[in-house]
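A short worksheet on the structure shown next.
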Amino acid sequence: MAAETFEPEIVAFCCTYCAYAAADLAGSMRLRYPTNVKIVKIPCTGKLDSLYIMRAFEKGADGVYVAGCLEGQCHFLEGNINAKRRVKYLKKVLEEIGIGGERLEMYNMSAAMGPRFAEVANEFTARIRELGPSPLSATAKHKVPASSGTAAEQ
Amino acid sequence: MIIAEQKPLSEIEEMLADCHKVMVAGCGTCVTVCFAGGEKEVGLLASALRMARELKGQPLETLERTLHRQCEWEFVDPVKAELEGIDAILSLGCGVGVQALSERLPGVRVLPALNTKFMGLPLEQGVWSERCAGCGDCVLDLTGGICPIARCSKSLLNGPCGGSASGKCEISPDVDCGWQLIYDRLESLGRLDLMEEPIPPKDWSYARDGGPRRIVREDLRLGQ
């Protein structure tokens, strides 16, 4: 059965001050977490552009999560709170277009929470396995046009 | 500036139902500043539309362009070179932008992705509020710089009315009473005497009631 062998592609946007360091710690602690999770390091979840998330799904990700600092502990004070709002909005958009809002999530953790990082990776991978492949990945991988720009500048 | 917000995605999808390739056109001025139709919103909307259509088995090709200003010919004209094979332009400009594109690009279907709401300002990031109703005959000199047309729900010239309670308008506890604001402002300016002067009935022919408006400045025109 395809569902049994389904290995989801998951993109995790991780803040360099917390979740990325937590991933590092998880590694040092020899904790196991699924290889499905591909980490993208960002300077703060507040830097996370909504377009990055949309592009990830458009290019075939089955799930995306954003991992930032614990609330109240953002290195830039409120980047993680701003990211939380963006994630909430994009979940709605994804639901509306038929991808499903549950394929996107926001998590919070500190740099010392290596085990929590592994737990989140396991938990989210299990969720996406349960949901199955992104409806988009059934229609082959997607080309994202490089045709954005300002007409008047040309 | 002009404040707009995106139409529901389902409504936009319906407009584009018979299109295979569209130009998603943003505008670099007001709607960029109010996060409704700038380069980023163009990217997000185009991405959402591509995915939604892909899932329906009817792929949509998008060409993303953000004009400096959709409301001036010189910025609209460069688009003409890129219309080959385009079924429609989905404009993220205000109502003026959509109409400017329609007017300048004959034979091209231009569709609105935004609802143009009002002329106003951002109170804080993500919150906008109406300030001017474009009535064509400004009375702000008489009202302490607070507009009774835009800020009073009834556009009263000699308010407040009986619906003003504790500084709020009867239509909603979230709406300030425009005339309370005017009173407070005049009081702080030491000009409460202006409240004693009745403002005469307004000539609404300068507003939309007089039909579509036009300004001609002979001193600025060029040529013969």
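Every chain is numbered from 1, with letters handed out A, B, ... down the list of sequences.
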Item to complete: Look at Ser10(B), Ala52(B), Pro8(B) and state which one has the largest set of heavy-atom pairs under 4.5 Å with chain A.
Response: Ala52(B)
Practice prompt. Give, for atom CD of Glu54(B) and atom CD of Glu58(A), the distance between the pair rounded to the nearest 0.5 Å.
Written response: 8.5 Å
Worksheet item: Of all residues at least two apart in sequence or in a different chain, which pass the ring-ring contact (aromatic ring centres under 6.0 Å, His included) check with His20(B)?
Response: none
Worksheet item: What residue, out of Ala25(B), Gly43(B), Ala48(B), Gly57(B), has the most heavy-atom pairs lying under 4.5 Å from chain A?
Response: Ala48(B)
Can you give the donor-acceptor pairs under 3.5 Å from side chains of residues 120-134 of chain B to other protein atoms, not counting sequence neighbours?
| residue | atom | partner | partner atom | Å |
| --- | --- | --- | --- | --- |
| Ser129(B) | OG | Arg131(B) | NH1 | 2.8 |

Worksheet item: If you count the non-hydrogen atoms of other residues, nucleotides and ligands that lie under 6.0 Å from CZ in Arg213(B), is the total more than 12?
Response: yes
Kindly list each side-chain donor-acceptor pair under 3.5 angstrom involving residues 173-180 of chain B, sequence neighbours excluded, with atom names and distances?
| residue | atom | partner | partner atom | Å |
| --- | --- | --- | --- | --- |
| Asp176(B) | OD1 | Lys168(B) | NZ | 2.7 |
| Trp179(B) | NE1 | Leu156(B) | O | 2.8 |
| Gln180(B) | NE2 | Asp184(B) | OD1 | 3.1 |

Worksheet item: In this structure, are over 12 heavy atoms from other groups packed under 6.0 Å from Lys84(A) atom NZ?
Response: no
Practice prompt. Could you please state which residues from residues 86-121 of chain A sit under 4.5 angstrom from chain B, measuring non-hydrogen atom to non-hydrogen atom, sorted by number, or 'none'?
Written response: Val93(A), Glu96(A), Ile97(A), Gly98(A), Ile99(A)
Practice prompt. State the CG-CD1 distance between Leu44(B) and Ile53(A), to the nearest 0.5 angstrom.
Written response: 9.5 Å
